[in-house]
There are 2 protein chains.
Amino acid sequence: MVSAAKRSEMSKDTLLPAMADHVLAHGLSQASLRPLAKSAGTSDRMLIYHFGNKEKLIAELLDYLAEKYAAALDQGFGDGLPMTRKECVQRILSQSAKPDMQPFMALWWEIVAGCARGIAGYGEAAQAMTEKLLSWLEAHMPADDPDPQGGARYLLTLVEGSQMLSAVRQTRLAREGLVASTL
Amino acid sequence: MVSAAKRSEMSKDTLLPAMADHVLAHGLSQASLRPLAKSAGTSDRMLIYHFGNKEKLIAELLDYLAEKYAAALDQGFGDGLPMTRKECVQRILSQSAKPDMQPFMALWWEIVAGCARGIAGYGEAAQAMTEKLLSWLEAHMPADDPDPQGGARYLLTLVEGSQMLSAVRQTRLAREGLVASTL
DNA sequence: GGTAAAATGTAGCACTCGCTACATACCAAA
DNA sequence: TTTGGTATGTAGCGAGTGCTACATTTTACC
């Protein structure tokens with residue numbers, strides 16, 4: 001054999017990215033052990049071996065995905081602060097409308113749904129992600145904004161409402177809602 | 001037998017309410033035929049008999065639930081039009097924060113998630129419900145509102161964003177977002 | 001080189017899933 | 001009384017679920 005140490009390369013760090021891709025493509029609720037294992041090039045037996053049980057696996061996977069999402073947000077926002085609140089909202093929305101972000105949005109609504117249903121683990125994930133997004137928003141408000149903290153909360157509400165309307169294929173409605181806003 | 005015609009009482013009209021209760025309590029994605037049948041006092045065999053297959057059953061169930069939701073909204077909004085946009089938003093939010101409405105909200109986010117994932121049937125349901133909610137909002141705007149149509153779209157965006165934050169247990173954030181809004 | 005630990009394959013458990021086949025009932029019209 | 005549509009129970013199929021037992025191979029270390 002040319003590569004003798006190939007085996008030991010399989011650890012959590014190598015399994016998580018592959019499984020994250022699978023979850024982004026096929027959803028979280030449909031993520032069962034055998035397909036997950038197949039996507040990571042291993043077996044259900046090994047996933048249990050590495051993560052203990054499915055619940056812990058999903059928790060670690062959500063952590064990993066949250067970081068990946070934050071990184072994607074940062075990368076796509078562009079350089080420099082926006083000049084107005086309206087520009088800030090538009091930059092976020094046009095960023096999250098990109099095809100690459102679509103799987104993240106789908107996953108996000110799945111988490112919100114699980115959270116509303118009270119499923120264990122989803123609440124923590126959703127809260128952590130919301131707070132991360134909020135603090136990120138505060139840091140990316142216009143430089144001369146009179147109330148960056150309150151404004152960030154207002155924009156977060158608007159953005160999430162608008163993204164929900166986009167999720168249900170009401171993009172025209174979402175646009176009109178922002179036009180009629182007093183931004 | 002005392003009651004000879006008992007059998008024929010079991011039809012779609014009697015099955016749907018019971019199944020709707022079950023879905024509101026346990027979610028849509030976990031709604032499998034046998035538990036649904038049990039909640040309606042019949043068997044999976046009979047559900048297929050009445051509805052053809054599961055897909056058609058879910059479609060009819062979503063229709064039924066949409067009407068039930070609209071009725072609940074109407075009932076809880078109170079009499080008379082609100083005086084201001086802010087009052088309008090607050091009446092909607094306080095109405096949907098009631099415990100009775102919680103199952104409806106959970107179901108709604110489940111539909112949004114399925115819609116974002118592109119699952120067949122969810123898109124139509126979500127669109128119909130959104131449009132129903134929008135026209136309802138237009139009819140319940142303040143009497144002297146300068147732009148009821150655009151305003152309704154704006155308020156819908158705000159309300160949905162706020163409800164999402166409530167769903168992920170960020171009610172404080174949701175409140176602060178509305179306070180900082182320019183309503 | 002020997003050995004303990006880590007990793008992996010195969011097989012299987014008990015369960016749920018949507019759905020179907022088959023055998024009945026029941027009741028009304030012909 | 002026969003016929004035919006409606007309604008129901010029982011049993012089962014094939015697939016998939018999380019998870020485990022057991023045996024085997026590979027790796028790392030002394």
Side-chain angles (χ1 to χ4, degrees), chain A residues 1-20 22-23 25-62 110 113-114 117 119-122 125, chain B residues 1-20 22-23 25-62 64 110 113-114 117-122 125:
Chain A
M1 278 289 193
V2 180
S3 59
K6 203 168 206 173
R7 171 96 52 119
S8 62
E9 290 173 15
M10 199 153 276
S11 66
K12 286 186 181 182
D13 294 334
T14 63
L15 293 172
L16 282 176
M19 291 194 293
H22 183 268
V23 162
H26 301 95
L28 194 55
S29 66
Q30 303 301 326
S32 42
L33 286 183
R34 280 187 256 265
L36 277 178
K38 193 175 180 184
S39 76
T42 179
S43 67
D44 57 336
R45 172 70 186 76
M46 278 294 101
L47 291 186
I48 298 295
Y49 174 79
H50 282 296
F51 294 92
N53 57 34
K54 192 190 180 186
E55 193 179 1
K56 293 182 197 166
L57 189 158
I58 295 297
E60 291 206 39
L61 204 45
L62 284 181
E110 203 171 343
R117 193 60 74 181
I119 303 177
Y122 284 59
Chain B
M1 280 286 195
V2 180
S3 59
K6 202 170 207 173
R7 171 97 50 118
S8 62
E9 288 174 19
M10 199 152 276
S11 66
K12 286 185 180 181
D13 293 335
T14 63
L15 293 173
L16 282 177
M19 292 193 294
H22 182 268
V23 162
H26 301 95
L28 195 54
S29 67
Q30 303 301 328
S32 42
L33 286 183
R34 280 185 254 261
L36 277 177
K38 194 174 179 183
S39 76
T42 179
S43 66
D44 56 338
R45 168 75 184 73
M46 279 293 99
L47 291 186
I48 297 294
Y49 175 79
H50 281 295
F51 294 92
N53 56 37
K54 193 190 180 185
E55 194 179 1
K56 293 182 197 165
L57 188 156
I58 296 295
E60 290 205 40
L61 204 45
L62 285 180
Y64 177 81
E110 202 171 345
R117 191 60 73 181
I119 302 177
Y122 284 60

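Keep in mind it's a predicted model, so treat the numbers as computed, not measured. Throughout, a chain's letter reflects where its sequence line sits, starting with A, and its residues are numbered from 1. In what follows, every heavy atom counts, from backbone to side chain, and hydrogens, waters and symmetry copies are set aside.
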Asker: By side chain to side chain contact (heavy atoms under 4.5 Å, CB included), which residues pair with Ala40(B), not counting sequence neighbours?
Answerer: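 Ala40(B) satisfies side chain to side chain contact (heavy atoms under 4.5 Å, CB included) with Leu15(B), Ala18(B), Met19(B), Thr42(B) only.
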
Asker: Per the salt bridge (charged side-chain N to carboxylate O under 4.0 Å, His left out) rule, what does the pair list look like for residues 45-61 of chain B, sequence neighbours excluded?
Answerer: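 For residues 45-61 of chain B: Lys12(B)-Glu60(B).
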
Asker: Given atom CD of Gln30(A) and atom P of dG18(D), what is their separation to the nearest angstrom?
Answerer: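 Whole-Å distance recorded here is 10 Å.
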
Asker: Given the structure, check if the side chain of Arg34(A) and the base of dG18(D) hold any donor-acceptor pair shorter than 3.5 Å.
Answerer: yes

Asker: Near DNA chain D, under 4.0 Å by heavy atom, which residues of residues 39-54 of chain A?
Answerer: Asp44(A), Arg45(A), Ile48(A), Asn53(A), Lys54(A)

Asker: When you check the phosphate oxygens OP1 and OP2 of dT17(D), does a side-chain N or O of Ser32(A) lie under 4.0 Å from one of them?
Answerer: yes

Asker: What closest approach, in Å, do Asp13(A) and Pro17(A) show between heavy atoms, and which atom pair accounts for it?
Answerer: O-CD, 3.0 Å

Asker: Using atom CG of Leu33(A) as one end and atom P of dC15(C) as the other, report the distance to the nearest whole Å.
Answerer: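 Spelled out: CG on Leu33(A) to P on dC15(C) is 19 Å.
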
Asker: Show every ring pair (Phe, Tyr, Trp, His ring centres under 6.0 Å) that has at least one partner inside residues 26-51 of chain B, sequence neighbours left out.
Answerer: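 Of all non-adjacent pairs touching residues 26-51 of chain B, those that pass ring pair (Phe, Tyr, Trp, His ring centres under 6.0 Å) are His22(B)-His26(B).
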
Asker: Under the side chain to side chain contact (heavy atoms under 4.5 Å, CB included) rule, collect the residues that match up with Ala20(B), sequence neighbours excluded.
Answerer: Leu61(B), Tyr64(B), Leu65(B)

Asker: Side chain to side chain donor-acceptor pair (under 3.5 Å) with Ser29(A): which residues, sequence neighbours excluded?
Answerer: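 Here the qualifying residues are Glu110(A).
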
Asker: Lys38(B) NZ to dG9(D) P: how many Å, rounded?
Answerer: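 Taking atom P of dG9(D) as the reference, NZ of Lys38(B) is at 14 Å.
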
